[in-house]
Amino acid sequence: MTVLLRVDREHPAPEPIARAAAVIRAGGLVAFPTETVYGLGANALDSDAVARIFRAKERPTFDPLIVHLVAAESLREVVSHVPDVAVALAARFWPGPLTLVLPRGPQVPLAVTAGGDTVAVRVPSHPVAHALLAAARVPIAAPSANRFGRVSPTCAEHVLADLNDRIDMVLDGGSTQVGVESTVLSLAGPVATILRPGGVSREALARVLGEVQVAQELPTEGDSLISPGTTLKHYAPRAVVLLYRGELVPVLERMRHDLSQHLARGEKVGLLLVDEDSPAFAEFPVTTARLGSVDSLEEVAQQLYGALRILDQAGVSVIMVRDLGSEGLGLAIRDRLTRAAAGQVIVVAEGTA
Ligand code: TXA
Ligand code: MG
């Protein structure tokens, strides 16, 4: 039985938080909202509890977890060395959707880091996550609260759809704001490197760091894995995802062309659409999930995973969507859609529609 407790997003009541903290301290599993997606938390210093996370998610043990801290002051409890650049980044972006990969402290069990000598850490800004960390008084290891390889959860219903009866408790604090996961930035090597684009943009990091490197911007099957969890066929719905990339007009033309062909074959097609594109597809008998305006990538990121789940539930076999560029949150959106498409990116050249 998974206990569901509703909590106010801004001012979580102490009683449900205390119950959740007790579960964490006893070695149990609690899903909780962060500003990015829901996490599946366990006491990061208890390797048995951490092992339960991997079992509940059916996550391979080679994929390390992020350790969540109540404040940057707790960094020294879990990392062996805090470089100056980490202090500067923490001051600018914590609490918030930035994860730093740093040298692992001896207190952190190898189960958390998948046997590695680095540990990923972040301080979440969500009031419920903050209250839980404060009450538990231990760092909390938490991956996204979905079954491995599935779309990350942005509300409690998504968590239960994947993990009901596999975990002890869900704190329901409503929908998450950012909607895509944190940016994972490695400070373990000579150059700061984005291992996973996310809620903090490359441009924002560059304003603090100067130059930032992005690892594996477009991964291909068989690439060596720098961040072990960034496998292709990740964040994937059941349907086949087709991601179209190129200039707007030929891309829309090509999508309309391909859509007609899929429909002619009797397939059930779903469209992930920004509002501005919907007139181009008005005449087609398809299921559409809206992502909001292309002028607000914040809104698109927030809607993305829920929209993918809606199309899956509608039973479509193909999902068509277009790339929205690489500026700001666009890079994270592109990364997740590329993975959902398992590398099936259809690059449309000018004049070939
Ligand atoms: O927004 C988020 O980051 C959410 C919330 C719950 O905090 N968490 C999340 O965790 O997305 P997860 O486990 O789904 O993704 C963590 C990513 C994986 O790609 C993993 O491989 C990478 O971080 N990672 C964790 N520890 C690492 C390490 N020591 N070195 C390199 N990559 C690491
Ligand atoms: Mg995940």
Side-chain angles (χ1 to χ4, degrees), residues 29-42 44 50 53-54 56-69 78-80 93-105 108-126 128-130 132-133 139-154 158-159 162-163 171 173 176-189 192-200 215-216 219 224-236 301 305 332 335-336 339-340:
L29 301 183
V30 176
F32 62 97
T34 80
E35 68 278 23
T36 57
V37 300
Y38 274 67
L40 177 58
V50 169
I53 292 179
F54 286 89
K57 281 190 58 121
E58 295 173 31
R59 178 175 174 119
T61 51
F62 60 74
D63 192 2
L65 306 179
I66 296 172
V67 173
H68 297 69
L69 302 174
V78 294
V79 311
S80 63
F93 295 108
W94 282 355
L98 176 66
T99 294
L100 300 178
V101 175
L102 291 164
R104 179 181 68 90
V108 177
L110 290 169
V112 170
T113 67
D117 52 14
T118 59
V119 60
V121 286
R122 84 176 187 98
V123 176
S125 66
H126 197 293
V128 173
H130 180 82
L132 178 62
L133 284 158
I140 294 180
S144 51
N146 51 283
R147 296 263 191 117
F148 181 71
R150 302 291 314 283
V151 176
S152 293
T154 53
H158 296 167
V159 175
D162 276 16
L163 299 174
L171 286 176
T176 61
Q177 276 98 33
V178 179
V180 294
E181 298 84 347
S182 63
T183 301
V184 179
L185 182 76
S186 175
L187 300 177
T193 305
I194 295 175
L195 303 180
R196 177 180 73 180
V200 170
Q216 293 180 301
S224 69
L225 299 175
I226 299 171
S227 193
T230 56
T231 45
L232 271 181
K233 197 65 192 167
H234 210 84
Y235 311 101
Y305 289 150
D335 174 81
R336 302 310 187 274
R339 294 174 200 287

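First listed ligand is number 1; within each ligand, the first listed atom is number 1. When reading the values below, keep in mind they use all heavy atoms of this one structure, side chains included, and skip hydrogens, waters and symmetry mates. Start at 1 with the first residue, then count along the sequence.
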Out of all atoms in ligand 1, which are within 4.0 Å of some heavy atom of L195? Include the element for each. 31 (C), 32 (N)

Taking atom types as modelled and ignoring hydrogens, do the side chains of S144 and E181 form a donor-acceptor contact shorter than 3.5 angstrom? no

4.5 Å side-chain heavy-atom contact, V79 and V119: yes

Do any of the N/O/S atoms of S144, backbone or side chain, fall under 2.8 Å from the Mg ion (ligand 2)? yes

Which ligand 1 atoms, with their elements, are less than 4.0 angstrom from a heavy-atom of G39? 6 (C)

As an exercise, identify every atom of ligand 1 less than 4.0 angstrom from a heavy atom of H68. 5 (C), 6 (C), 7 (O)

Using every non-hydrogen atom in the two residues, find where T118 and A188 come nearest and quote the distance to one decimal. CG2-CB, 3.8 Å

Under 4.0 Å, heavy-atom basis, I'd like to know which part of D63 is in contact with ligand 1: side chain, backbone, both or neither. side chain

Rounded to the nearest 0.5 Å, what separation is found between the CD1 atom of I66 and the OG atom of S182? 4.0 Å

Heavy-atom closest pair (N146 atom, P153 atom, distance to 0.1 Å) is OD1-CD, 3.6 Å

In terms of its nearest heavy atom to atom 23 (O) of ligand 1, the top option of T99, L100, V184 is V184

Indicate yes or no: at least one non-hydrogen side-chain atom of V121 is less than 4.5 angstrom from one of H68. no

Within reach of ligand 1, part of T118 (heavy-atom separation under 4.0 Å): both

I66 heavy atoms, cut-off 4.0 Å: which ligand 1 atoms fall inside? 3 (O), 8 (N), 9 (C), 10 (O), 16 (C)

Using a strict cut-off of less than 4.0 Å between a Lys/Arg side-chain nitrogen and an Asp/Glu carboxylate oxygen, indicate whether E35 and R122 qualify as a salt bridge. yes

Minimum heavy-atom separation for Y38 and G173, please, with both atom names. OH-N, 3.0 Å

Closer than 4.0 Å to some heavy atom of A120 - which atoms of ligand 1 meet that? 25 (C), 26 (N), 27 (C), 29 (N)

Kindly confirm or rule out an N or O of Y38 lying under 3.5 angstrom from an N or O of ligand 1. no

So that I can tick it off, tell me whether R196 and D335 are bridged by a salt bridge, with the cut-off set at under 4.0 angstrom between side-chain N and carboxylate O. no

Numbered atoms and elements of ligand 1 in range of S144, under 4.0 angstrom, heavy atoms: 8 (N), 9 (C), 10 (O), 12 (P), 14 (O)

Rounded to the nearest 0.5 Å, how far apart are NE2 of H158 and CZ of R150? 10.5 Å

V101 heavy atom under 4.0 Å from ligand 1: yes

If you measure from each non-hydrogen atom of R104 to ligand 1, which part falls under 4.0 Å: side chain, backbone, both or neither? neither

Test item, R59 contacting ligand 1 (heavy atom, 4.0 angstrom): yes

Name the option, out of E35, R196, E181, that contains the heavy atom nearest to atom 15 (O) of ligand 1. R196

